[in-house]
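The first residue of the sequence shown is numbered 1, and numbering continues consecutively from there.
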Amino acid sequence: MPVPLNRPDSPIGRRRSADGFGASAALPARTDIAVVGGGLIGLSIAWRLARTGRTVTVLERETIGAGASLAATGMLAPAAEHEPGSDPLLPLALESLRLWPDFRDALEAESGGAIDYRPDGTLVLAIGRDEVERLRFRYDLQRRSGLEATWLPGSEVRRLEPGLRPSVTAGIHCNLDHQVDPRLVMAALGEACRRAGVLLAERTPVSGLDWSGGRVTGIRAGEHDIAAGTVILASGAWSGEGGLLPESLALPVRPLKGQSLALRTTARTGGLARMVWTEQVHMAPKSDGQLIVGATVEDCGFRPGVTAGGLYALLEGARRVLPGIEEMEVEAVWCGYRPTSDDDAPILDELAPGLVVATGHHRNGYLLAPATAEAIAELVTHGTLPAIARPFGRARFGRAEPLRESA
């Protein structure tokens, strides 16, 4: 009989997984830091703070990485992602990319596992006159913003990626962009956190915050009360859900659903040497032979499931430029929920004494993880964000003009 989509034992339709996550330990009565959310951002912050000698507890409502982190492609792409209105985010994005090599080295050393860090760049493609004009606009924007990018004619694009169709007319090579494998990053973060003494509690939803004298002093998780010196809300797309925060501290964060799939490349099918973007899809080759094709953008709340329409859009978008996918085996399909703020930029702030937030990273969670971890560590340690992170406080949403339109 058919195996339902998203079952862990399904050979197709399963969410990609990261190996190495084990059972949760007993919850403590007290911890220096309580991190609500066990995704990429939550674990990066937990690992960073645990390395300073603090006791850290991470509480995840489902399983580690289940919200967006294991559904992501792993792009570190400040150039390809750059679009009109995103100049305010660019300094933080470039700073985080600068931090990534050291972040990678420490993570691999302290976890004992590689994360498939690939500095191959991104090719952004165009087919036909209309797409070339839009691509030229994107290229001009990148150049005005000081980003490294090279305009390529179709023949040069196909020299770099021989498997592309002859109909590819032009491209931009974003040499600055890199990528990682989310499965390996999350497995490494889980192991690095454990080795640093972080307690990881899966399937442990946080039901409330404890307040005393206007300060957050801990959290409630089912029957357990945990006193904490600092609570860090890093629950991704769920950060904007009601019930945990008072209305006065509500966060403008919503889920943007994305569907993706993994194909298996072989010597016969060919593949790609670097990330390739079109107007419809992005494709990211991994060193184990997987080719990740993503991702749809659906503003439909937490509607679950993989749809025929979503998969058709991904496959047709990829086939339009890479005919070899017709012979590739489909290994997995999945969906996830991007945590998206009202201006598509992260929210990094102290909401109240003892309560810190790090959420709203939209499509840039992997790119921004090192800078976010450093910024939150400085906020917890010294009481203030570094200058590069200060534009991303919650108060900006009360201004007449949002961040993305203010620069």
Side-chain angles (χ1 to χ4, degrees), residues 33-46 58-62 66-69 72 85-86 88-89 92 205-211 214-221 228 230-258 297-303 336-365 368-369 371-373 375-376 379-380 384-385 389-406:
I33 309 290
V35 179
V36 183
L40 169 73
I41 298 300
L43 292 193
S44 296
I45 293 168
V58 175
L59 300 101
E60 165 56 41
R61 60 189 300 275
E62 293 185 2
S69 302
S86 63
L89 182 59
L92 184 66
V206 173
S207 56
L209 301 174
D210 289 329
W211 295 77
R215 178 183 181 86
V216 171
T217 58
I219 58 174
R220 297 188 300 278
T230 302
V231 174
I232 299 173
L233 182 61
S235 49
W238 286 264
S239 301
E241 293 288 280
L244 192 62
L245 294 174
E247 183 62 31
S248 61
L249 298 180
L251 298 171
V253 176
R254 71 188 192 282
L256 276 184
K257 180 180 175 180
V297 179
E298 304 165 51
D299 201 350
C300 60
F302 290 103
R303 183 187 301 164
Y337 305 99
R338 305 173 186 88
T340 302
S341 73
D342 282 355
D343 61 7
D344 295 349
I347 304 174
L348 311 174
D349 207 350
E350 182 180 50
L351 299 182
L355 178 61
V356 169
V357 64
T359 190
H361 291 74
H362 188 45
R363 297 185 305 194
N364 287 301
L368 296 176
T372 296
I376 297 303
L379 178 59
V380 170
T384 184
L385 286 165
R390 288 175 197 163
F392 303 101
R394 176 181 174 274
R396 72 185 190 265
F397 297 104
R399 299 171 183 167
E401 296 184 356
L403 175 69
R404 288 172 65 86
E405 301 174 1
S406 64

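- Annotation: the span from Leu209 atom CG to Leu249 atom CG amounts to 9.5 Å, rounded to 0.5 Å.
- The distance from the CZ atom of Arg220 to the CG atom of Leu59 is 13.0 Å, given to the nearest 0.5 Å.
- Taking every heavy atom of both residues into account, Pro246 and Trp211 meet most closely at CD-CZ2, 4.2 Å.
- The shortest side-chain heavy-atom distance between Thr359 and Trp238 does not fall under the 4.5 Å cut-off.
- For the pair Leu348 and His361, the minimum side-chain heavy-atom distance is below 4.5 Å.
- Between Val206 and Val231 the shortest side-chain heavy-atom distance does not fall below 4.5 Å.
- Here the side chains of Ser44 and Thr372 are not in contact, with every heavy-atom distance at 4.5 Å or above.
- The closest donor-acceptor contact from the side chain of Ser69 to the backbone of Gly39 lies at 3.5 Å or more, if one exists at all.
- Ser239 is not listed as a side-chain neighbour of Leu245, based on a closest heavy-atom distance of 4.5 Å or more.
- Contact between Asp349 and Ala395 at its shortest, heavy atoms only, is OD2-N, 4.2 Å.
- At distances below 3.5 Å, at least one donor-acceptor pair connects side-chain atoms of Arg394 with backbone N or O atoms of Ala250.
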*Could you go step by step and tell me if His362 and Ser86 meet the side-chain contact (heavy atoms from CB on, under 4.5 Å) rule?*
CA-CA 12 Å; His362 188 45; Ser86 63; over 6 Å; no
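- In this structure, CG on Asp342 lies 7.5 Å from CD1 on Ile347, to the nearest 0.5 angstrom.
- Taking each heavy atom of Pro346 and Leu92 in turn, the nearest pair found is CG-CD2, 4.2 Å.
- Side-chain contact between Ile376 and Ile41: absent, with no pair of heavy atoms (C-beta onward) separated by less than 4.5 Å.
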*Could you walk me through whether Leu368 and Leu89 pass the side-chain contact (heavy atoms from CB on, under 4.5 Å) check?*
CA-CA 10 Å; Leu368 296 176; Leu89 182 59; 4.2 Å; yes
_Verdict with reasoning, Phe392 to Leu385, per side-chain contact (heavy atoms from CB on, under 4.5 Å)_ = CA-CA 10 Å; Phe392 303 101; Leu385 286 165; over 6 Å; no
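- Counting all heavy atoms, side chain and backbone alike, Lys257 lies closest to Cys300 at CD-SG, 3.8 Å.
- Inter-residue side-chain proximity for Ile33 and Ile232 is flagged as met; some heavy-atom pair is nearer than 4.5 Å.
- A side-chain donor-acceptor contact under 3.5 Å links Tyr337 to the backbone of Arg303.
- Taken to the nearest 0.5 Å, the CG atom of Leu256 stands 9.5 Å off from the CD atom of Glu298.
- Here the CG-CD1 distance, from Asp210 to Ile219, works out to 8.5 Å after rounding to the nearest 0.5 Å.
- Between Pro88 and Asp343, every side-chain heavy-atom pair lies at or beyond the 4.5 Å cut-off.
- Rounding to the nearest 0.5 Å gives a distance of 11.0 Å between CG of Asn364 and CZ of Arg338.
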